[in-house]
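What follows is a single structure, written as structure tokens, with notes after it.
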Amino acid sequence: MADIFEQFQTKEAFDEYWNKNYVPLTYEDVREAYEDFVKASEKHIFLSDYEETGQISREDFMDNLSQTAQFTFQDSLTEAFYEKNPDLYETAFAIYEESQMNNEEDGNIAAAFHEEYNRLYREFLLAMFDGVFG
């Protein structure tokens, strides 16, 4: 672990590594897993009170996903991300994990990873919604 922190002491150092090595993901990388889950769930992927109102909308469906749906979509994205970017994923995770173990901020050294993961999660959920519910 110490080697990682020596190599990536700053956000700029990690960003340079990120920009050189990141292999972008597309919805196609998760589409099958996302849509198969929705199909297997018979489209019951929301909190029950949200689903019962019948007012499922693109604007707020992400805020009303069941815990199972959230975990499934996140796990599918994580697997796809790791498949295309194993070294980047392991490095970013190691930086985060070490900072948590030491009760300190990682200084956002691996912010590029977290920002991209969150952006992809939102983008892919919207694409799934459009494909399945739209």
Side-chain angles (χ1 to χ4, degrees):
M1 286 301 153
D3 294 338
I4 288 174
F5 286 101
E6 289 172 16
Q7 186 178 0
F8 303 110
Q9 293 181 14
T10 65
K11 180 183 179 315
E12 291 75 23
F14 183 84
D15 287 351
E16 182 179 333
Y17 174 70
W18 173 271
N19 292 330
K20 182 179 178 183
N21 295 289
Y22 176 62
V23 177
L25 281 77
T26 67
Y27 180 61
E28 285 303 308
D29 294 316
V30 297
R31 184 185 59 75
E32 186 176 343
Y34 277 30
E35 293 179 11
D36 284 353
F37 170 73
V38 174
K39 183 180 177 181
S41 301
E42 298 178 349
K43 296 187 178 181
H44 299 291
I45 61 169
F46 306 106
L47 300 172
S48 60
D49 59 339
Y50 177 75
E51 191 172 318
E52 288 169 7
T53 66
Q55 300 296 320
I56 297 169
S57 72
R58 190 176 196 267
E59 290 73 34
D60 69 355
F61 83 95
M62 283 185 252
D63 296 330
N64 293 286
L65 290 171
S66 70
Q67 190 173 39
T68 300
Q70 290 176 44
F71 289 152
T72 300
F73 294 138
Q74 290 168 354
D75 287 348
S76 297
L77 176 55
T78 298
E79 288 175 19
F81 194 100
Y82 186 84
E83 187 175 304
K84 282 194 166 185
N85 297 283
D87 292 336
L88 272 173
Y89 182 88
E90 289 180 7
T91 300
F93 189 77
I95 290 169
Y96 173 78
E97 190 174 56
E98 185 69 20
S99 68
Q100 294 300 306
M101 288 174 47
N102 293 328
N103 274 341
E104 59 189 46
E105 293 287 326
D106 68 0
N108 281 334
I109 289 172
F113 166 79
H114 300 290
E115 291 165 4
E116 180 67 356
Y117 184 92
N118 289 330
R119 184 191 72 76
L120 290 172
Y121 183 68
R122 178 170 173 66
E123 177 184 316
F124 294 169
L125 283 178
L126 289 171
M128 179 277 302
F129 185 88
D130 292 343
V132 176
F133 295 95

Does [X] reach the side chain of [Y], with side-chain heavy atoms less than 4.5 Å apart?
X: Met128; Y: Tyr27; answer: yes
X: Glu12; Y: Asp15; answer: no
X: Leu126; Y: Met62; answer: yes
X: Phe73; Y: Phe37; answer: yes
X: Leu125; Y: Leu65; answer: yes

Between [X] and [Y], is there a shared hydrophobic cluster once you connect ILVMFWY residues whose side-chain heavy atoms come closer than 4.5 Å?
X: Tyr89; Y: Val23; value: no
X: Phe93; Y: Leu77; value: yes
X: Leu47; Y: Phe71; value: no

**OP:** Take the angle between the ring planes of Phe61 and Phe129 and call it parallel below 30°, perpendicular above 60°, tilted in between.
**Re:**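 Plane angle under 30°, so parallel.
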
Original post:
What class does the angle between the rings of Phe81 and Trp18 fall in, given that below 30° is parallel, 30 to 60° is tilted and above 60° is perpendicular?
Top reply: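 The arrangement is parallel - the two ring planes meet at less than 30°.
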
**OP:** Show your reasoning for whether side chain to side chain contact (heavy atoms under 4.5 Å, CB included) applies to Ile56 and Asn64.
**Re:** CA-CA 9 Å; Ile56 297 169; Asn64 293 286; over 6 Å; no

**OP:** Test Glu115 against Arg119 for salt bridge (charged side-chain N to carboxylate O under 4.0 Å, His left out), laying out the working first.
**Re:** CA-CA 6 Å; Glu115 291 165 4; Arg119 184 191 72 76; over 6 Å; no

Original post:
To the nearest 0.5 Å, how far apart are CD1 in Ile45 and OH in Tyr34?
Top reply: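 Separation between the atoms: 10.5 Å.
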
Original post:
Which distance, rounded to the nearest 0.5 Å, do you find between the OG of Ser66 and the NE2 of His44?
Top reply: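 Rounded to the nearest 0.5 Å, the OG-NE2 separation comes out at 11.5 Å.
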
**OP:** Mind listing the closest non-hydrogen atom pair of Lys43 and Val132 along with its distance?
**Re:**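 Heavy atoms of Lys43 and Val132 come nearest at NZ-O, 3.3 Å.
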
Original post:
With ring centroids as reference points, do Phe14 and Phe113 lie under 6.0 angstrom apart?
Top reply: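 For Phe14 and Phe113, the ring centres are not under 6.0 Å apart.
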
Subject >> Glu16, CD atom: more than 12 neighbouring heavy atoms under 6.0 Å >> reply: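 Not more than 12 within 6.0 Å, no.
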
**OP:** Please list, chain by chain and in numerical order, all residues satisfying ring-ring contact (aromatic ring centres under 6.0 Å, His included) with Tyr50, sequence neighbours excluded.
**Re:**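 Listed in chain order: Phe46.
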
Subject >> Pairs meeting criterion side-chain hydrogen bond (donor to acceptor under 3.5 Å, both in side chains) with involvement of residues 72-88, two or more places apart >> reply: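 Every side-chain hydrogen bond (donor to acceptor under 3.5 Å, both in side chains) pair that includes a residue of residues 72-88, provided the two are not neighbours, is Asp29-Lys84, Thr78-Tyr117, Tyr82-Glu90.
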
